[in-house]
Each structure stands twice: as C-alpha cells, then as structure tokens.
Amino acid sequence: MDFISVIEDKKSGRELSKEQLTYFANAAARHTVPDYQLSALLMAIRLQGMTPRETADLTLAMANSGDMLTPDVGGVALDKHSTGGVGDTTTLVLAPLVAACGGKVLKMSGRGLGHTGGTLDKLESIPGMSVNIDEQRFLEIVRTVGCAVAGQTKELAPADKTLYALRDVTATVDSIPLIASSILSKKFASGAGAIVLDVKTGSGSLMGSLEKSIDLAKTMVEIGTHAGRNIRAVISGMDEPLGSHVGNALEVKEAIDVLSGRVRGPLLDVSLFLGCQMLLTGGLVSSEEEAMLKLRRALKSGAGLAKLKEMIAAQGGDAAVCDDVSLLPQAPVITDIIADRDGYLGGMDTTRLGLVGRNMGAGRVRKEDPIDPAVGFVMKKRIGDRVKKGDVLCTLHARTEESAAEARDGVLGALRLQDAPCPPAPLILALVTPEGVRRF
Ligand code: URA
Ligand code: CA
C-alpha cells in the first residue's frame, strides 16, 4: 500500500478502509513510514475527523500493534482511566476501596504529562515502592490483595507510543477520534474486562467544553461496547484541582487522609462515584445504592486503608506511611500565600496551576527529567469560597526560596478573586453508559 494515497484520501474527506487504518497503525508501531508522513495523516484526521467505524477500526489496529494480554486475576479485571487532571488522586483512593469490596483492580498507570500528574510518579514518592513489577507478580498481587498499580509490563499498543509523541509536537492532541483510539487501544491491549473512564472537563482538562467531553465519552463508550467490553464514562469537573493537594508525596498524603476518614470533600465524592461505576461494570453489585453502601462501609471500617497498606507492602513500599504521613518526603521550604483583599474565589486557570507544580519540580519539562517527590502546593480555598484579607489561599512546599517565590507569582496569576459571590464548581456533570447520557 502507498501511504501518500492514504493521506490523500483523508485530506479529501474520504473514509479510510480497515486495511488502510491497519497499515497506518502498524507503520507507526514499526517505524516503517517516516514521521512526517505519519504526522501529515494525523493532521488530516484532526481536520477531517473520522466516522465511528473508522475510529473503532483504528483503535483495534493500534491495540493489535503489540502484545495483547489476557490476565487471569480471579475475576473480572477492573480498570479506570482518567483523561488527566490536576490534584486528580482518585486511583489511590478508589483502587483500595474497590478491592475492599471484592473487586480485582488491575491498573496500569502512566507518568505525568504536561500539566497533569501521573499515578506512577505519585506512588514512587513512597519509600521503597516499586512500580516496575513483572507481569506474573503484578497479577499475583491483584489476585491476592485485590489491587495493584504499576507501569506497563509488556509492549502494549506501541502504535500509540509513536503517535502520541508525534501528536504532542504537531498540535494534533485535541482530536476526539485520536484521543479515543489512544486511550482505548491501551485498555484493550491490557485485557481490561470492565472499564470506567473519567473524562475531565473544565479549565484543567484536555477537551475544555462539556459538550466536547460528552462527545469524547460517547465515542469511547460506543467503541468499547462494540468490542465487547463493559464500559461507562463519568464526566467530572476540572475547573479547579480535584483534591486540595498538588504534588507527588502531597497527593499520596491526601489519599491516605481520605482513606483514614480524616478528610472528606470532592476527592472522596468523585472517588466514590467512580468506585460505584467500577463495581457496577464489574457486575459485583446490582444497583448504585448497593455499591455506594459497600464503598462507604469499606471506608468507615478502615478496610480501604488496610488494602492500600497491603498493596504498598506487596510492591515493596513502606506501608508505615499510612499510619504516619510524616514518613513521606517533606519539602524544606513551606510558606503560605496570603490574600491581600476581600472577595470570592471566582475561578482559576487549572492548567496554569498544574504547570506551577511541574515547574516547582513535581513534574517533568523533558521526558528524562527527574521528579522531586516532596514539592507542590495545597489549595486552601475552592471556587465559590469567601476570601478575607489575610486568609491563606495556598501553602507552598518548595525545594528553595527562589522556587517558592516563582510559584507564588504563578499561583496568584492563576486565581481570579472577585467581588460578587459565585457558586462552587460542579463535580460530576454526566454519566455516559451504552444506554445513553444522564446529566446531573
Ligand atoms: N490520554 C491518552 O492516553 N491519550 C490521549 O490521546 C489523551 C489522553
Ligand atoms: Ca492521571
């Protein structure tokens, strides 16, 4: 097949055949077509779009471009995937809670990307914790503990690896068919039996608008259902960081605080809602009410926290952090940002806040950069909160005074204080299942 004609077809708005899309995925995985031609096709797809049939064929071709796992975890392998956010620590809260309710959570996570954090980087802030475990051990932990979170064990969807890197540098990330095929190809390859997607919307999200986020969710639920997976998607708000803590050890601390019952709020609420959907897709409960009851019981009894301890210990980490969060890495410079006027917190640029954390050292500017596990910040106000002059808006945890000063300007520049009162930001906006869209 001639790759130029594939580009020509998409450029002219013609539908690509399954053979053409398979050729594209394999060429990306094996580097048999130069990057500039792959990139040209990505841009043509970004501008012309794809039909549901094309998106489904591309997804399956990308999944089949590498290893396809069929994990035996002693039950339905449950997976949850977020499109990426700031202070988005739901995995660390809900994987242990769902495991405590009898679920088998097999979670292959990623590193931080751009302004968003990555679960693997967060877990590595726990002393001794390993996220590079071999497949046999990974499955054994899922079977015995009920949850494990680690990096990819095999070469899953290598086509996505090539295409994602090209999209990042050719302004072709924001395409529904390309995002859907990227996310689902990896889920199909990892052998997930039941998939819950957390599609973020708002100022810190990939898609921005609610309608686009719902379109993305509908596309993914349709493809997943067509491929025989139990799948549903939650649309959740990312107009502000979900938890109050942003940074690797800080987010682990917040997950422990939530699981130990010390802290409530949006991170817990969204984690419970997602956990509910996981128990439902896995067929472990028959109603949302039953799921919520089980999850709340696991929280209250401490069974969720006990599962997190078991998982940390099984992956070589120091589970004592769950009883004493001061064992997590601590930043040397801790300083408050104080409000210099009265008002209400009207909104924030969450992507910018995520970048402040990244620039403090919580994330990477280049792929090979090291992470500073201790740094980040804790938001003390949420959208809609009344602010009085002298109130603490945010506490910085920095490596140096200089970094704290830079972060201070960044955080202040991302917050919008206003005179008029305003409502809190919405948390759960919609649920997309094969049956349709439920808006809240
Ligand atoms: N996450 C992915 O894995 N792929 C995308 O394209 C976007 C978010
Ligand atoms: Ca994430």
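In this chain, numbering begins with 1 at the start of the sequence shown. Order of listing sets the numbers, starting from 1, for every ligand and every atom in it. The analysis underlying the following values was restricted to heavy atoms, covering all of them including side chains, and did not include hydrogens, waters or symmetry mates. Here the structure is a predicted model, which is why all the values come from computation and not from measurement.
Close approach to Tyr164 involves these atoms of ligand 1, each under 4.0 Å from a residue heavy atom: 2 (C), 4 (N), 5 (C), 6 (O), 7 (C). Short contacts between ligand 1 and Ser182, defined as distances under 4.0 Å to a heavy atom of the residue, involve ligand atoms 2 (C), 3 (O), 4 (N), 5 (C), 6 (O). Listed by atom number, the atoms of ligand 1 under 4.0 Å from Lys186 heavy atoms are 2 (C), 3 (O).
Nearest to atom 1 (N) of ligand 1 among the protein's heavy atoms is Ile183 CG1, 3.7 Å. Scanning all protein heavy atoms for the shortest distance to atom 7 (C) of ligand 1 gives Leu206 CD2, 3.5 Å.
Asp160 and Ser185 share no donor-acceptor pair across their side chains, judged by distance under 3.5 Å alone. Inspection of the Thr90 and Lys80 side chains reveals an N or O donor paired with an N or O acceptor under 3.5 Å. Side chains of Ser130 and Gln315: a donor-acceptor N/O pair is absent below 3.5 angstrom, by distance only.
Ring pair Phe3/Tyr23 is perpendicular by interplanar angle, where above 60° counts as perpendicular and below 30° as parallel.
Looking at Met360 and Glu406, their side chains never come closer than 4.5 Å, going by heavy atoms from C-beta outward.
The shortest N/O to N/O separation between Arg167 and ligand 1 falls below 3.5 Å. For ligand 1, the polar-atom distance check finds no N/O of Asp160 at less than 3.5 Å from any of the ligand's N/O atoms.
How far CE of Met379 is from CG of Leu393: 7.0 Å, rounded to the nearest 0.5 Å.
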